[in-house]
Engineer: 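Dropping the structure in here first, questions after.
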Amino acid sequence: MTGESPVDPERGVYGISVAADLVGMGIQNLRLYEARGLLDPDRTEGGTRRYSANDLDRLRRIGTLLDAGLNLAGIAMVLQLEGRIVELEANR
DNA sequence: CTTCTGACA
DNA sequence: TGTCAGGA
């Protein structure tokens, strides 16, 4: 095969500007979500955030949950529980 | 690009 | 409470 990762959802490299534009959110919001514990994007040496395709999908879920009426604290719990479910299903 | 503070719906 | 806007 080609050898090197064709597409790693865990390693999609997007800057915060392009990530915010792709999900239709403000740059400041993405930083707030990270400060709230809604997601944990990778950081480069300079300290710039690196959003993966997985993070983009998570940001879209955040927007859906926000529209559903949940607050950032509730969304953080939902995302945490969803990750837990995936973990349990993988171990199942 | 980062972080912080302020003001508004 | 969440979002937007500014400055350092």
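Protein chains get the first letters and strands the later ones, always in sequence-line order, with residue 1 at the start of each.
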Engineer: In whole Å, what is the span from the CG atom of A/Leu65 to the P atom of C/dG2?
Structural biologist: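 My rounded result for the distance is 12 Å.
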
Engineer: Which listed nucleotide (B/dC1, C/dG2, C/dT3) is nearest to the side chain of A/Arg36?
Structural biologist: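 Among the listed nucleotides, the one closest to the side chain of A/Arg36 is C/dG2.
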
Engineer: What distance separates A/Asp21 CG from A/Ile16 CD1, expressed to the nearest 0.5 Å?
Structural biologist: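 It comes to 12.0 Å.
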
Engineer: Think A/Thr48 has a side-chain N or O under 4.0 angstrom from the OP1 or OP2 of B/dT2?
Structural biologist: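 It does not, given that no N or O in the side chain of A/Thr48 lies less than 4.0 Å from OP1 or OP2 of B/dT2.
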
Engineer: What is the distance, rounded to the nearest whole Å, between atom CG of A/Asp67 and atom C1' of C/dT1?
Structural biologist: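 The distance from CG of A/Asp67 to C1' of C/dT1 comes to 15 Å, rounded to the nearest Å.
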
Engineer: Would you indicate which nucleotide in B/dC1, C/dG2, B/dT3 comes nearest to any side-chain atom of A/Leu66?
Structural biologist: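 Nearest to the side-chain atoms of A/Leu66, counting from C-beta on, is C/dG2.
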
Engineer: A/Asp67 and A/Thr64: side-chain donor and acceptor closer than 3.5 Å?
Structural biologist: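 Absent: no donor and acceptor within the cut-off.
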
Engineer: Within this structure, what is the CD-to-C1' distance between A/Glu34 and C/dT3, rounded to whole angstrom?
Structural biologist: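 For the pair A/Glu34 CD and C/dT3 C1', the rounded distance is 18 Å.
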
Engineer: At 4.0 Å (heavy atoms only), tell me whether A/Arg43 reaches a base, stays on the sugar-phosphate, or touches nothing.
Structural biologist: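 The answer is sugar-phosphate, as A/Arg43 gets under 4.0 Å only of primed atoms, P, OP1 or OP2.
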
Engineer: Nearest whole Å is fine: how far is C/dT3 P from A/Ile62 CD1?
Structural biologist: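 Interatomic distance, CD1 of A/Ile62 to P of C/dT3: 10 Å.
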
Engineer: Is it the case that one hydrophobic cluster holds both A/Leu59 and A/Val18, taking links as side-chain heavy atoms less than 4.5 Å apart, direct or via other members?
Structural biologist: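 In one cluster: yes.
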
Engineer: Side-chain N or O of A/Tyr33 versus OP1/OP2 of C/dG2: is the shortest distance under 4.0 Å?
Structural biologist: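 No, because none of the side-chain N or O atoms of A/Tyr33 sits under 4.0 Å from OP1 or OP2 of C/dG2.
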
Engineer: Under 4.0 Å from OP1 or OP2 of B/dC1: is there any side-chain N or O of A/Arg49 that close?
Structural biologist: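 Indeed not, no polar side-chain atom of A/Arg49 lies that close.
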
Engineer: With both distances under 3.5 angstrom, what nucleotide forms a Watson-Crick or G-U wobble pair with C/dA8?
Structural biologist: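 For C/dA8, the partner nucleotide comes out as B/dT2, under the 3.5 Å rule.
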
Engineer: Under 3.5 Å, is there an N or O donor on one side and an acceptor on the other linking the side chain of A/Gln28 and the base of C/dG6?
Structural biologist: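 Check passes, donor-acceptor contact within cut-off.
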
Engineer: Which whole-number value in Å describes the distance from A/Leu72 CG to C/dT1 C1'?
Structural biologist: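 It is 8 Å, rounded to the nearest whole Å.
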
Engineer: What's the CG-P distance between A/Leu32 and C/dC4, to the nearest Å?
Structural biologist: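 After rounding, the gap between these two atoms is 11 Å.
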
Engineer: Rounding to a whole Å, what distance do you find between A/Asp21:CG and B/dC1:C1'?
Structural biologist: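 Checked: the CG to C1' distance equals 17 Å.
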
Engineer: For the side chain of A/Asn29, starting at C-beta, report the closest nucleotide among C/dT1, B/dC1, C/dT3.
Structural biologist: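 The closest nucleotide is C/dT3.
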
Engineer: Rounded off to whole Å, could you give me the CD1-to-P distance for the A/Ile27 and B/dT2 pair?
Structural biologist: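 Rounded to the whole Å, the gap is 8 Å.
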
Engineer: Give me the atom names and distance for the closest heavy-atom approach of A/Leu22 to A/Leu56.
Structural biologist: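 Nearest pair, atom of A/Leu22 first, then A/Leu56: CD1-CD1, 3.8 Å.
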
Engineer: Could you tell me if the side chain of A/Tyr33 sits less than 4.5 Å from the side chain of A/Leu66, heavy atoms only?
Structural biologist: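 They are in side-chain contact.
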
